Amino acid sequence: MRVPHYRIAETASLLGVSDDTVRRWVDGGQLPAERDSAGRLVVDGAALAEFTRDQARTAPDPSAVGRSARNRWVGLVTEIVSDKVMSQVEIQCGPHRVVSLMSTEAVRELGLVPGSLAVAVVKSTNVVVETPGEG
């Protein structure tokens, strides 16, 4: 599967920063980038996924549809562990690491690879809420 590449503006949107900030990171060597066939500066999706682990900002949801699930986190796939039937997919959503178990067939059909843009959607009737204890 082909690893996606993101233009500077897309990278900035995913990380919740300005285009200029991404360019400074590229110029400073903190974020690797290359030129695509059209001569535009792009960031390799796998490199961006690794970089996002160190950046804790939430990206806007790219979905343009309404959903009943309120727990939605936009992020980048950072790791996939697969066997013949099942896969474990890790998504870095800002400062949050979300892990999903799904069929390996679904991973292939969705075209998921490290660096892919994904939205983790959680709809559950069993959610534990905790508050800090009094020390």
Side-chain angles (χ1 to χ4, degrees):
M1 290 193 190
R2 189 174 85 70
V3 175
H5 287 82
Y6 297 94
R7 293 181 13 200
I8 295 301
E10 293 170 315
T11 300
S13 176
L14 286 169
L15 297 177
V17 299
S18 70
D19 296 9
D20 289 340
T21 296
V22 173
R23 285 189 188 92
R24 279 193 298 277
W25 287 335
V26 169
D27 292 344
Q30 297 145 296
L31 184 60
E34 59 193 54
R35 298 274 174 196
D36 67 7
S37 59
R40 295 177 299 223
L41 198 58
V42 294
V43 177
D44 173 84
L48 182 57
E50 185 176 333
F51 184 78
T52 61
R53 288 182 177 169
D54 298 329
Q55 305 300 311
R57 296 199 171 69
T58 302
D61 188 338
S63 304
V65 297
R67 301 208 198 277
S68 63
R70 298 291 179 238
N71 302 313
R72 304 172 56 75
W73 299 287
V74 178
L76 293 168
V77 174
T78 55
E79 185 175 4
I80 300 172
V81 178
S82 298
D83 65 20
K84 186 175 180 182
V85 177
M86 293 299 295
S87 293
Q88 176 180 308
V89 178
E90 180 179 311
I91 306 170
Q92 192 70 35
C93 303
H96 307 288
R97 176 179 166 258
V98 178
V99 178
S100 176
L101 299 177
M102 66 182 72
S103 70
T104 298
E105 178 182 17
V107 169
R108 282 193 304 271
E109 287 177 359
L110 291 170
L112 296 177
V113 295
S116 295
L117 178 63
V119 179
V121 180
V122 178
K123 178 83 173 181
S124 176
T125 57
N126 184 18
V127 177
V128 176
V129 176
E130 299 178 339
T131 59
E134 300 273 333

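It should be emphasised that the depicted structure is a prediction, and the values quoted were computed from it without experimental measurement.
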Compare all side-chain heavy atoms of L15 with those of F51 and state whether any distance is below 4.5 angstrom. yes

Only counting residues at least two apart or in another chain, list the ones meeting side chain to side chain donor-acceptor pair (under 3.5 Å) with S103. none

Please determine whether side-chain contact (heavy atoms from CB on, under 4.5 Å) holds for the pair T78 and E50, giving the CA-CA distance in whole Å, both sets of side-chain angles, and the decisive distance to 0.1 Å. CA-CA 7 Å; T78 55; E50 185 176 333; over 6 Å; no

For S116, check side chain to side chain donor-acceptor pair (under 3.5 Å) against everything at least two apart and list the hits. none

Return the set of residues passing side-chain contact (heavy atoms from CB on, under 4.5 Å) with S100 (not counting sequence neighbours), or none when no residue passes. M102

With sequence neighbours left out, the residues meeting side chain to side chain donor-acceptor pair (under 3.5 Å) with E10 are none

Exceeds 12 heavy-atom contacts within 6.0 angstrom, atom CD of Q30: yes

Linking I/L/V/M/F/W/Y whenever their side-chain heavy atoms sit closer than 4.5 Å, directly or via other members, would V99 and V89 fall into one cluster? no

Identify the heavy atoms of V43 and A33 that sit nearest to each other, and give their distance. CG2-CB, 4.2 Å

Can you list every side-chain hydrogen bond (donor to acceptor under 3.5 Å, both in side chains) pair that touches residues 37-48, not counting sequence neighbours? D36-R40

Going by salt bridge (charged side-chain N to carboxylate O under 4.0 Å, His left out), name the residues that satisfy it together with D20, two or more places apart in sequence or in a different chain. R23

Minimal non-hydrogen separation, P4 against V113, with atom names: CD-CG2, 3.6 Å

Would a hydrophobic clustering, with Ile, Leu, Val, Met, Phe, Trp and Tyr connected at side-chain separations under 4.5 Å, put V81 with V77? no

Check whether L76 and L31 end up in the same hydrophobic cluster, where Ile, Leu, Val, Met, Phe, Trp and Tyr are linked by side-chain heavy atoms less than 4.5 Å apart. yes

Tell me, please, which residues at least two apart from S82 pass side-chain contact (heavy atoms from CB on, under 4.5 Å). I80, S87, T104

Roughly how far, to the nearest 0.5 Å, is the OG1 atom of T11 from the CG atom of L41? 8.5 Å

Residues in salt bridge (charged side-chain N to carboxylate O under 4.0 Å, His left out) contact with R97, at least two apart in sequence or another chain: E90

Taking every non-hydrogen atom, the tightest pair across L117 and Y6: N-OH, 2.9 Å

Measure the spacing between CG of L14 and CD of Q92 and express it to the nearest 0.5 Å. 12.5 Å

